[in-house]
Number of protein chains: 2
Amino acid sequence: MKTSKSSVTRLYSYREALLRLKYLGFVKVFSENMADAIGATAVQVRKDFSLFGLVGNKRGGYQIDELIQKLDALLGKDKKYPVIVVGSGNIGRALMNYKGFLASDLHIAAAFDTDEQKVNRSAEVPTLPFGELKDFIKKNKIKVGILAVPELVAQQVLDQMMAAGIKGVLNFAPVRLNTPEKFVVHNVNLGRELETILYFVNAWDRQEQHETHKA
Amino acid sequence: MKTSKSSVTRLYSYREALLRLKYLGFVKVFSENMADAIGATAVQVRKDFSLFGLVGNKRGGYQIDELIQKLDALLGKDKKYPVIVVGSGNIGRALMNYKGFLASDLHIAAAFDTDEQKVNRSAEVPTLPFGELKDFIKKNKIKVGILAVPELVAQQVLDQMMAAGIKGVLNFAPVRLNTPEKFVVHNVNLGRELETILYFVNAWDRQEQHETHKA
DNA sequence: TAGATTGTTAATCGATTAACAATC
DNA sequence: TAGATTGTTAATCGATTAACAATC
């Protein structure tokens, strides 16, 4: 598998690290440096690079400028991609105002909500009535959305987004969504994440107590 | 590896599905049903169950009540676990008010912020000054926190949380955190998630155009 | 040339899936 | 008994890591 999710994610990390190094005045890097920067191993870095056709110089490492340029082309960093938020509850509103996207190649074009009270066309990121969703997606050729609606309506809202042309979503509703073959869904289940953390922390606690008793 | 992150996550999913089935009046399930419910395969379910010592009846499937009970014991569902939010920016505030936690065994005990303006001791989930963080963690024996502070201060804030006794965090800052061996970090990098979705969606688009040209 | 570093091929590892024996 | 389902052992798969040849 050429382009697994994790290898692509690492490419973005490499790029970010390279920009930092460039900013600090560096001109070239070795695979070892890249590895340190993103918390991987040098072999992993070279493997990833070779997978995506990024070549360096035997003994001389990689030219930072050249590498960034190639990554930009590979990752489509040349243009800004508009993304929409559907549902302006707690999570939806947080993402509308999230500053972390500014540095990247994506920006939130608009949010949608069924609650007319939340509509606000003049805000920096406007909130529009849900009825305008389809037209907006089509008119602005939106490909990716953030699904931040209640669990119970998630599937039916997604269906409408798909019908209008959306090809991928970041889903915050704790349900398994039904999607066609060529559609990307990344699920973020915050409760589940916390529970899993809790599980391992508690497991260690129990283990420790056990060991203490034995001692 | 007995308890990988993913197998534990699936246990929580099984439990959730079982509660739904029970609510609908079902008394027993087969591995096939469980698989459908969480989007896995029957073999996967039986493998997970055997890994955690959950046994059924040859030919008779699994008793729902019994299974839930065992999962509760396994996952520590007997008590409520307090969790804190550090940083009350966009993400932090959204999580403070997130309803999705109500159904689970965790609740947000308090939030912390350096901005005195945001302090509010009388809210349902109080926001306290950052200076009270250590005492609060120690007094309430908090083990898990949500780190929703700016990237630049994430590590130093985490260091203070660790010093006070925190053993695991859900990290929203887009940085690699330095932690000791027995410490759990789950990273949620929202920008990265969206970028990766965008990558695959664009990759398909390019591919399609390519194929159209050939045709 | 000797040393350092890349890039590829092979080995390992963990997780998922397949095959099948056990048994209700 | 025959059929259905569990539970385990073996095979497969993908991703990471190790080994090493190429070469600047």
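Just so it is clear, the structure is predicted and the values come from calculations on it, not from any experiment. Lettering follows sequence order; numbering is per chain, from 1.
The side chain of K47(B) has dT9(D) as its nearest neighbour among dT9(D), dG7(C), dA15(D). Taking every side-chain heavy atom of R59(B) into account, dG3(D) is the closest of dC24(D), dT6(C), dG3(D). Distance from the side chain of K58(B) is smallest to dT23(C) among dT16(C), dT16(D), dT23(C). Of the candidates dT6(C), dT23(C), dT16(D), the closest approach to any side-chain atom of S6(A) belongs to dT16(D).
For the side chain to side chain donor-acceptor pair (under 3.5 Å) with D65(B), the qualifying choice from K22(B), K70(B), K28(B) is K22(B), the only one to do so.
Summary of the strand contacts: R46(B) and F30(A) both lie near DNA chain C, and taking for each the nucleotide with the nearest heavy atom, the more 5' one is attributed to F30(A). Comparing V43(A) and A42(B), the nucleotide of DNA chain D nearest to each residue sits closer to the 5' end for A42(B). Sequence order on DNA chain D of the closest nucleotides to K5(A) and L54(B) puts L54(B) first from the 5' end.
dT23(D) atom C1' lies 14 Å from atom OH of Y62(A), rounded to whole Å. L51(A) places its CG atom 15 Å from the C1' atom of dT6(C), with the value rounded to the nearest Å. Here dT8(C) presents its P atom at 13 Å from CG of D48(A), a figure rounded to the nearest Å. Between E32(B) atom CD and dT17(C) atom P the separation is 13 Å, expressed in whole Å. As rounded to whole Å, 12 Å separates atom P of dT6(C) from atom CD of Q63(A). Between N57(B) atom CG and dG3(D) atom C1' there is a gap of 17 Å when expressed in whole angstrom units. Rounded to an integer number of Å, the gap from M34(A) CE to dG7(C) C1' is 16 Å. The separation between Q44(A) atom CD and dA11(C) atom C1' is 16 Å, rounded to whole Å.
Using Watson-Crick or G-U wobble geometry with both donor-acceptor distances under 3.5 Å, dC24(D) finds its partner in dG3(C). Remark: dT17(C) base-pairs with dA10(D); criterion is Watson-Crick or G-U wobble with both hydrogen-bond distances under 3.5 Å.
Among the protein residues, F49(B) comes within range of no part of the nucleic acid, since none of its heavy atoms lies under 4.0 Å from any strand. At the heavy-atom level, G56(A) lies under 4.0 Å from the strands shown only through sugar-phosphate atoms.
Remark: side-chain polar atoms of N187(B) are not paired, donor with acceptor, to backbone N or O of N189(B) under 3.5 angstrom.
Salt bridge status for E195(A) with K77(B): present, with a side-chain N to carboxylate O gap under 4.0 Å. A salt bridge does not link E151(A) with K99(B): none of the charged nitrogens is closer than 4.0 Å to a carboxylate oxygen. The pair D48(A)-R10(A) counts as a salt bridge, with a side-chain nitrogen and a carboxylate oxygen less than 4.0 angstrom apart.
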